[in-house]
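Take a look at the structure set out below.
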Amino acid sequence: MLVTVLIRILETLFVAGTIGSCLVLVLSGIEDLETLFGFGHKQGSAENKEQTPAS
Amino acid sequence: MSSPLPMTPSDRVRIVVATSVMLTFISYWRAAAIVLNDLASSAFYAAGIAEQAIGKSAPWFIVAVMLFSFTVRAVYVESCSMFVRGGVYRVVKEALGGTLAKISVSALMFDYMLTGPISGVSAGQYIAGLINDILATAYTHGWLPQAVHTPGVTPHVDVNLTSVVFAVVVTIYFWWQNVKGIHESSEKALRVMQITTVMVVILLAWSAVTVFHQGYQAVPWPTPANLHFTPESLGFLKNFPNLPKMFGILGILMAFGHSVLAMSGEETLAQVNRELAHPKLINLKRAAVIIAIYSFVFTGITALLSVMMIPDSVRVPVYKDNLIAGLAMYLWAPQLVRLLFRAFVVLVGFLILSGAVNTAIIGSNGVLNRVSEDGVLTDWFRFPHRRYGTSYRIINMVVALQLFTILASRGNVYVLGEAYAFGVIWSFTFNSLAMLVLRVKYKGERGWKVPPNLRIGGHEIPVGLASVFLVLLSTAIVNLFTKSVATVAGVTFAAVFFGIFTVSERVNRKKIALAQAGMKEHFQLLQRDTVNREPLGIRPGNVLVPVRDYNTLNHLKWVLERTDTQEQDVVVMTARISQFGAAAYDLSLEQIFSDYEQLLFTRAVSIAESFGKHVSLLVVPARDVWAAIAQTANNLEASAVVSGTSSKMTAQEQAFEMGRAWEAMPNPKRQFLLQIVHVDGKVDTFHIGPHSPSMKTEDIHLVHRLWLHITREQGLDKLHHNDILTEALTRFARDYAGRERDDILKDLRKITKQPLKTRPIGGDGNRTSLSPPEEIGPARPKKTEGGPPSPPVVGPE
C-alpha cells in the first residue's frame, strides 16, 4: 500500500513536471526563434525584463 | 604568518587584483562547437545503451530526452546569467548549504570521472568494430594470405579488449598533455564539429534516400506495452518485473531514466559562458539553441533511423556499441562504399570521443581546483608541477581513477553508460534545485529567467524552473532503483569524495583563518574590474615583470639591479590561469589572490626590499598567459616586459607567442620590448609590435643615391627619402602577393640564411597576401646582451 502511494506520488511529480516542461519548451522556443533569427528581438519575456541591480 | 607589531593600513603592501578575466573572447558558433564536442559525443553510444535496457521503442525516449534537454539548457542559461563568482561549490553552498554542496560536487565529479572512460571505450568499440568488418570482408573475398589466419575461422580482434587498450592509451596521452598544460583552443573544437556536421548531413541525406528506396521498419510507439525491461535494466526491481506495466507511467519514467544519458554534456554550456563575446546573454542563448537543435537532430534522428534501417537480427547483437557504424553499413550503396563511409564515421567518432576524454580531464581538474581554492580540499592537491606549473596531483588523481574505471569496466559500454547516467542526472538535479532556491535567496543581477513565472500576491512562482526540477528529481529517484550498479558505484564514489571534502575542510579551516589573517596584516587588496595605471599609481613607460615560480625570480633581480625606480616604475605581475572551459563561474577575489600568490609576492617584495626599491604588484586572472601579459603591458603603457626563461620553450618561441598575443589584441595597441633573461645572465631582446627597422649603412647610401637620381627628374625635385621607401615597399608588397612570391622568399632565405620553419613575430607563417604590413616582423632577437650591465629598458628604435 505504502509502495503504491509512493509510486503514485513519483508518477504525479513526473507528470506535473512534464506538463510544466512542455510550457518551458514552447515559451523558451519562441524566444529562441526570436534570438536566432533576430526578428522583434527583446531582452527577455515580460517577467524577464525585471532585473534587480547588482548587490 | 604573524608579526610582533601590528601593521597599519599604510604599511601594508598594496596589491591590485583585476577580477575580469583576460580572455580572447569567442563567438557563439565556437562556443556551440565546444559544447557539442561533449554533447554530441553521446550520440555514439546513448541509443545503443537505451535499446539494450528498454527495447525497440528506445529511440522515442531518446527523442523525448533531447526535447527535454531544451529545458535543462534553459536552466543553465539562467544559471550563467547570474553574476556570481567563486565556482560551482560556492554557488551551490550559497543555495543549499555545505553538506548538499559537497554531495553535489561529488556527483559532478562522478559525472566527469565517467565521461572520459565511456568516451574512450566507445571510440575503441567503433575502431575494433571497423577492424573486424574489414577483416571479415577481406576474408570473404580471399584477400587475406592464409599464413595470417586460421583456416575456417574469420579473423577478428577482441572488441572489448581493444576498446580497453585504446581508451587507456588515449587517456594516458591526454594525461600527459594536461600535465604539460598544453593550450587548448576553440579552433580545434570548431574543426571537429565541421567534420562531424559533414558526416551528419551525409548520413541523414543518405538515410532518407535509403528509406525511400528500401523502405523501413516502424519504431514501436513508446507505450508501457512496448517496453521490454531486462533483469539488468530493472536493477533492484528485478524481482518485480510487472511493476512497469502495473503502473504505466512508472514504466515510462523508468524508460526515460534509461535514456537520460543522451543529454550528457549539457553542463559544458556553463563552462564556456565566461568566454563568450559581447553581448554575452544573447550569444549564450544563440549558442544554447544551436546546441539543442544540433544534438536533437544528430542524437534523436540517428537513434530513430538506426531502428528503422538496421535489421533486428544484428542491431543489438552486432552494433549495440557502435550503432552509427551499423547505420552506415545499411545505407543504400555497394558494400565497399558503405565500408568507406563507415571508416569516415569511425574517424569522426574517434575525433569527437577523444576530445571528450580531454574535456573530462580538464573539467575535473577545474572543479577540483575551485573546490581546493574554497578550502574544501587541502593545498597539497593544488601544488604546481615544478616544470610545467600545472596542478599535476589533481590531474594524476583524476586520471588514475579514470584508468581504474576503464579497466574495471572491461570495455563494457553498457555498464559505463549506466554508471555515467547516475552522475549526469544527479548533477543536473542539484543544479536545478540550487537555481530554484537561489530564486528566493539570490538578490543580485540575473539576466534571464526560465519561463513561465507566475505572480501571486507579490510573490513570484517559478513554474518553469520547478517543473524541470520535478522531472529531473523523479527521474533521479527512479534511477536509484533501476540502475543498481550505478547506484552502488555512484553512492560509494560520492561518499568517498564527500568524506575527503569534509576531512579536508576541517583540516583547512584553521590554516585558512591564519592565512587570511596574515594576508590582511601584510597585504592590502584593491579589487578592480580591469587593469590600468591609475590604481597602481604608475607612470607610462614602466617595466612589467611577469612572475610565476617563487624559486625563479632572477629576472626580477636583473630588472631591479638596472632600474632607477624613481625614474621608471616596476610592476610585478602574476597571471592566475584557469584552463579553457575549466570553470563555470568567474573567480572570487580570494581565489584570484590565493595563498600561492601570497607566497610568490612575499618573495618578490623581499627581493625589492633587498635592493631598497619599490615595486607595484598586480594579479590578473587569465586563460592564456601570453594574452594576459600582452594586454596588461598595453593597458599599463609599459615600455618593456622582462621575463624569465620558460622550461617549455625557447626564448624565440616565447617571443613568437607574445607576438601572436599582441597581434590578437584589438586596437589601439602599443609596441613594447620583450626581454628574456636567461639563468646565466644572457638577455634576448625582441620588439613586439611594429617598429622602425635598423638600416644597414649601405642601404642608407642606396636610398640616398636613388634620391639624388630621382630628384633630377622633372617634377620630382621635392621628393623625400621616405617617399622612395614607400614606393619600394608598395612594389615589394605587390610582387610578394603575386607571382614573385617564391623568388622573393628564396632571396630572403639567402640573406637571412634561416631554415624554412622560421616564423615571424606576430605573423602566422602562411600568409599569402599582404594585409597590414606591421603584421610582419623579425623573428630573431634584436640584441643579445651578456656581461656588462646595461639599461634594461630601451625605447622603440
Measure [X] against the heavy atoms of chain A and call it side chain, backbone, both or neither at under 4.5 Å.
{"X": "Leu250(B)", "result": "both"}
{"X": "Leu472(B)", "result": "neither"}
{"X": "Tyr28(B)", "result": "neither"}

_salt bridge (charged side-chain N to carboxylate O under 4.0 Å, His left out) pairs, two or more places apart, involving residues 8-17 of chain A_ =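 Residue pairs passing salt bridge (charged side-chain N to carboxylate O under 4.0 Å, His left out), neighbours aside: Arg8(A)-Glu11(A).
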_Using heavy-atom distances under 4.5 Å, tell me whether Leu25(A) contacts chain B through its side chain, its backbone, both, or neither._
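Interface part for Leu25(A): both.
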*Val15(A) portion near chain B, given a 4.5 angstrom heavy-atom threshold*: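 Contact with chain B is through the side chain of Val15(A) alone.
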*In terms of heavy-atom pairs under 4.5 Å with chain A, which of Leu470(B), Ile249(B), Val478(B) leads?*
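Counting heavy-atom pairs under 4.5 Å, the top option is Ile249(B).
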Side-chain contact, heavy-atom cut-off 4.5 Å: [X] with [Y]?
{"X": "Phe428(B)", "Y": "Tyr76(B)", "result": "yes"}
{"X": "Val471(B)", "Y": "Phe256(B)", "result": "yes"}
{"X": "Ser474(B)", "Y": "Leu253(B)", "result": "yes"}
{"X": "Val289(B)", "Y": "Lys285(B)", "result": "no"}

